[in-house]
Q: 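One structure, as structure tokens, below. Some questions next.
Chain letters run A, B, ... following the sequence lines, proteins first, then strands; residues in each count from 1.
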Amino acid sequence: MADVAGRIGLEVPEDLRRHKGWLGHVAEWVLGADAGSKPAPDFEGIGVELKTVPIDAAGKPLESTYVCLATSTNLHDRTWETSLVRKKLAHVMWLPVVAQPGIPLAERRFARALIAELDPADEAILQSDWAEIVELIKLGMVEAITGSTGELLQLRPKAASGRVRVDGIGEDGFAVPTRPRAFYLRTHYTRQLFARHFALPSR
DNA sequence: GAGTGATCATAT
DNA sequence: ATATGATCACTC
């Protein structure tokens, strides 16, 4: 990481505690991602989303993956086919970083990348997870959704703090304050994907 | 140890 | 305020 960061003139932070997105930004910069902070795949022209993912020494992904915010405009009048979730996950370049605890950030290394199309069997499950979550939101039951809802795709709070509120749909259909939430891919999804492509243990 | 909910930084 | 990039940290 020290080598790659040095090439683009960046200092390597001591750790990621206050620089959680640092690795992702380094990868974007080095590879020339162009979507910036738009709600679109990183490489907009070719529709490829770039995701760095921490793995252990055995190649097993260690964290879930942010997909996109679940805002009202993001859900209104959308089907799975036209959803931002599907748009981002259709083609993903997974770039693993070996992040076994104890390895200093400067010494961490990228591992072999995987550029994958959305697998049809996975898509069927993602679509049903997405539909279930969106249905609950539209019914005003967003507070009933927890991180346990959904097999591969989940909905979790996403904000600078637990006190942030946005307009959500209440049980009576009127706007009520709720925490901002986002779609995430469960670690399990990436673990299975890597296991299939790299012949790794899936657990 | 796994997994959910909380949090941190930056751009527009 | 809404996006992006994620990992942290506490509970189970």
Q: Any base atoms under 4.0 Å from A:V166, or only sugar-phosphate, or nothing? Heavy atoms, all strands.
A: sugar-phosphate
Q: Given B:dT7, C:dG5, B:dT4, which nucleotide is nearest the side-chain atoms of A:E28?
A: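 The nucleotide sitting nearest to the side chain is C:dG5.
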Q: Restricting to side-chain hydrogen bond (donor to acceptor under 3.5 Å, both in side chains), what partner residues turn up for A:R165, sequence neighbours left out?
A: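 Listed in chain order: nothing, the list is empty.
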Q: Roughly how many Å is it from CG in A:N74 to P in C:dT2, rounded to a whole number?
A: 11 Å
Q: Do any side-chain nitrogens or oxygens of A:S64 fall under 4.0 Å of OP1 or OP2 in C:dA6?
A: no
Q: Among the clusters formed by ILVMFWY side chains lying less than 4.5 Å apart, do A:V97 and A:F194 turn up in the same one?
A: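 They do not share one cluster, since no chain of ILVMFWY contacts under 4.5 Å joins A:V97 to A:F194.
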Q: A:F183 CZ to C:dG5 P: how many Å, rounded?
A: 16 Å
Q: Quickly work out the A:L62 CG to C:dC8 P distance and round it to whole Å.
A: 11 Å
Q: Roughly, in whole Å, what's the span from CZ in A:R156 to P in C:dT7?
A: 11 Å
Q: Any side chain to side chain donor-acceptor pair (under 3.5 Å) involving residues 124-142 of chain A? Give me the pairs, sequence neighbours left out, ordered by first then second residue.
A: none
Q: Tell me whether A:V85 is reachable from A:V134 by hopping between hydrophobic residues (I, L, V, M, F, W, Y) whose side-chain heavy atoms are closer than 4.5 Å.
A: yes
Q: Can you list every pair that meets salt bridge (charged side-chain N to carboxylate O under 4.0 Å, His left out) and has a residue in residues 151-161 of chain A, with sequence neighbours left out?
A: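 Sorted pair list comes back empty.
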Q: Run the salt bridge (charged side-chain N to carboxylate O under 4.0 Å, His left out) test against A:R181 and tell me which residues pass, sequence neighbours left out.
A: A:E143
Q: Quickly, which of A:V26, A:V12, A:L10, A:L23 forms a side-chain contact (heavy atoms from CB on, under 4.5 Å) with A:V4? Name it, please.
A: A:V26
Q: Return whichever of A:G162 or A:T187 has its heavy-atom-nearest nucleotide of DNA chain B closer to the 5' end.
A: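 Looking at DNA chain B, the more 5' nearest nucleotide goes with A:T187.
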Q: Contact class for A:P180 vs. all strands (heavy atom < 4.0 Å): base, sugar-phosphate, or nothing?
A: nothing
Q: Is there a side-chain polar atom (N or O) of A:Q154 under 4.0 Å from OP1 or OP2 of B:dG3?
A: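 No, outside the criterion.
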Q: Starting at CD1 of A:I55 and ending at P of C:dA6, how long is that distance when rounded to a whole Å?
A: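 Rounded to the whole Å, the gap is 15 Å.
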Q: I need the CG-P distance between A:L69 and C:dT2, as an integer number of Å.
A: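 Checked: the CG to P distance equals 9 Å.
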Q: Only counting residues at least two apart or in another chain, list the ones meeting side-chain contact (heavy atoms from CB on, under 4.5 Å) with A:R86.
A: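 Checked A:R86 against side-chain contact (heavy atoms from CB on, under 4.5 Å); matches are A:W80, A:S83, A:E123.
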Q: Sequence neighbours excluded, which residues qualify as side-chain hydrogen bond (donor to acceptor under 3.5 Å, both in side chains) partners of A:K38?
A: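 A:E44.
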Q: Side chain of A:L16, heavy atoms from C-beta onward: which of C:dT7, B:dG5, C:dA3 has the nearest atom to it?
A: C:dT7
Q: Can you give me every donor-acceptor pair (side chain of residues 46-54 of chain A, partner residue at least two apart or in another chain, under 3.5 Å) with its distance?
A:
unit_1	atom_1	unit_2	atom_2	d
A:E49	OE1	A:D42	N	3.2
A:E49	OE2	A:K51	NZ	3.2
A:K51	NZ	A:Y66	O	2.8

Q: Which sits closer to the 5' end of DNA chain B, A:E63 or A:S161, going by the nucleotide each is nearest to?
A: A:E63
Q: Extract all donor-acceptor atom pairs below 3.5 Å that involve side chains of residues 166-173 of chain A and protein atoms in other chains or at least two apart in sequence.
A:
unit_1	atom_1	unit_2	atom_2	d
A:D172	OD1	A:F174	N	3.0

Q: Quick check on contacts: within residues 83-99 of chain A, what sits under 4.0 Å from DNA chain B by heavy-atom distance?
A: none
Q: Whole-Å distance between B:dG3 C1' and A:Y184 OH?
A: 13 Å
Q: Between protein and nucleic acid, restricted to nucleotides 9-12 of chain B and to nitrogen or oxygen atoms under 3.5 Å apart, what atom pairs and distances do you find?
A:
unit_1	atom_1	unit_2	atom_2	d
B:dA9	OP1	A:R18	NE	2.7
B:dA9	OP1	A:R18	NH2	3.0

Q: Looking at residues at least two apart in the chain, or sitting in another chain, which of them share a side-chain hydrogen bond (donor to acceptor under 3.5 Å, both in side chains) with A:R17?
A: A:D15
Q: Starting from C1' on C:dG5, measure out to CG on A:L31 and report it in whole angstrom.
A: 14 Å
Q: The side chain of A:R186 lies closest to which of these nucleotides: C:dA3, B:dG3, B:dA2?
A: B:dG3
Q: For residues 141-153 of chain A, which residues have at least one heavy atom under 4.0 Å from DNA chain B?
A: A:T146, A:G147, A:S148
